[in-house]
Amino acid sequence: LLGFVYIASRIQKQEQLIEALDESQQQERKLSAIKEQFLANMSHEIRTPMNAVLGFTRLLQGQPLNEKSREYLGAIQSAGENLLDIINDILDISKIESGMMRLEPVSFSLRGSLHSLQTMFLPKAAEKRLSLSVLIDDNVPDILYGDALRLTQVLVNLINNAIKFTNEGAVTIRVGRIGGNDTFVRLLFTVKDTGIGIATDKLPHVFDRFNQAEANTTRKYGGTGLGLAIVKQLVELQHGSVAVESLPGKGSTFKVELPYTLGEVIPESGIDLYN
Ligand code: ADP
């Protein structure tokens, strides 16, 4: 009888444990949902007024203004854009870290995406008298299936840094094919600059959150130290990898390896790439 009571009480304890586990899982899910809702609300609540500020600033810039007003308006615009960048970075990193960043694969033209990127950055590079070239190897297929927006986000961060930390010379973006078969391809994206470079002891930490290689970099170049952390997380979410080589005073090279399904793919089969 005692044995029976003992076993019965063990079973009851286990059931209680399972119930408690269920409850804690439910709690966790509830908290996740609250966090997701909070992030979505925050993002909307902050972006909407900021976009209004920037929109009206642009409208005012089309009006006749004296020199001082135009200068102040320019300052408002660039501060607003900075703030929006910071907010987007913080929201992105929280979204990734809470596992809520969802990839959205589509069919896209790689050459088209890179051409748009080049067009977008040419004025910024020209301002610093830097050349900005895009080289795509002939054996790189053009129509791919994957998250084109997140690829653009990764490259925007890397090209932005390359231009920001380079005072003379060139920024070169290169794409090569490093593997695959007739259904998928592995590509290597290289963003190379002839800029200030990164000290060897800081190199292993550049992908850490809030990490800036030089203590005085923040004031001199601005930025949040979140860009490369986002790059690394986004690349890994897409089953890729990122690495950096750099020589202080000579320049840096960031290498991103990413897999893509080939061609126009029916969504169901293409999504497998990320699962
Ligand atoms: P930030 O917003 O400061 O640019 P990132 O995460 O993008 O943040 O970069 C982290 C740090 O790595 C930068 O502050 C800078 O010190 C260094 N870094 C990144 N890219 C480059 C580059 N192309 N050349 C030199 N230093 C770089």
Side-chain angles (χ1 to χ4, degrees), residues 78 81-82 85-86 89 92-93 110-111 113-140 150-179 186-236 238 240-259:
S78 76
E81 280 167 356
N82 275 343
D85 283 348
I86 296 170
D89 275 1
D92 272 351
I93 203 101
L110 181 67
R111 284 171 178 76
S113 294
L114 288 168
H115 182 72
S116 305
L117 272 175
Q118 191 179 20
T119 310
M120 175 175 144
F121 278 108
L122 270 175
K124 221 173 176 176
E127 242 174 59
K128 296 183 79 177
R129 296 174 183 275
L130 303 174
S131 76
L132 176 69
S133 40
V134 176
L135 309 165
I136 306 174
D137 290 356
D138 286 342
N139 63 354
V140 170
R150 297 301 169 194
L151 168 65
T152 301
Q153 190 177 359
V154 164
L155 293 174
V156 161
N157 267 307
L158 296 180
I159 301 168
N160 233 333
N161 279 346
I163 295 177
K164 184 158 91 171
F165 296 109
T166 303
N167 299 317
E168 59 178 359
V171 171
T172 315
I173 300 133
R174 207 187 169 109
V175 192
R177 178 185 173 127
I178 51 166
R186 283 196 82 80
L187 298 180
L188 178 67
F189 297 83
T190 313
V191 179
K192 187 177 156 73
D193 65 57
T194 55
I196 62 169
I198 301 165
T200 318
D201 60 323
K202 308 281 185 204
L203 215 49
H205 306 292
V206 287
F207 295 105
D208 297 350
R209 284 194 294 167
F210 300 114
N211 197 286
Q212 298 185 311
E214 303 298 331
N216 63 1
T217 301
T218 327
R219 258 162 290 138
K220 197 164 165 202
Y221 295 97
T224 56
L226 282 175
L228 287 179
I230 293 175
V231 163
K232 186 170 192 297
Q233 303 251 24
L234 281 180
V235 166
E236 287 173 359
Q238 297 172 80
S241 60
V242 58
V244 57
E245 288 161 12
S246 186
L247 275 179
K250 294 258 183 261
S252 312
T253 304
F254 284 83
K255 294 180 174 179
V256 173
E257 220 187 287
L258 281 169

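Side chains included, hydrogens not; waters and symmetry mates left out as well; all remaining heavy atoms used. Each residue takes its place number in the sequence, starting with 1.
The one candidate from V156, N157, L158 that meets the side-chain contact (heavy atoms from CB on, under 4.5 Å) condition with V154 is L158. Among V256, L110, I136, L258, the one residue that satisfies the side-chain contact (heavy atoms from CB on, under 4.5 Å) test with L187 is L110.
Rounding to the nearest 0.5 Å places CD1 of I159 at 11.5 Å from CG of D193. How far CG of L234 is from CD1 of I93: 8.5 Å, rounded to the nearest 0.5 Å. Distance CD1/I196 to CG/L247: 13.0 Å, rounded to 0.5 Å. Summarising the geometry, atom OG belonging to S246 is positioned 10.0 Å from atom NZ belonging to K192; distances are rounded to the nearest 0.5 Å.
Residue pairs meeting the salt bridge (charged side-chain N to carboxylate O under 4.0 Å, His left out) criterion with at least one member in residues 248-259, sequence neighbours excluded, are R186-E257, E245-K255. Annotation: salt bridge (charged side-chain N to carboxylate O under 4.0 Å, His left out) contacts involving residues 115-127, sequence neighbours excluded, are absent.
Pairing each heavy atom of L132 with each of A125, the nearest pair is CB-CB, 4.0 Å. Across all non-hydrogen atoms, the minimal contact from L151 to F189 is CD1-CZ, 3.9 Å.
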Assess whether side chain to side chain contact (heavy atoms under 4.5 Å, CB included) is satisfied between L114 and L155, documenting all intermediate values. CA-CA 9 Å; L114 288 168; L155 293 174; 3.8 Å; yes

Decide side chain to side chain contact (heavy atoms under 4.5 Å, CB included) for I198 and F165; before the verdict, give the C-alpha distance in whole Å, the side-chain angles of both, and the deciding distance to 0.1 Å. CA-CA 10 Å; I198 301 165; F165 296 109; over 6 Å; no

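The shortest distance between side-chain heavy atoms of H205 and K202 does not fall below 4.5 Å. The shortest distance between side-chain heavy atoms of K232 and V235 does not fall below 4.5 Å. The shortest distance between side-chain heavy atoms of E236 and V242 does not fall below 4.5 Å.
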May I have the list of side-chain donor-acceptor pairs in residues 168-177 shorter than 3.5 Å, sequence neighbours left out?
residue: R174; atom: NH2; partner: D137; partner atom: OD1; Å: 3.3

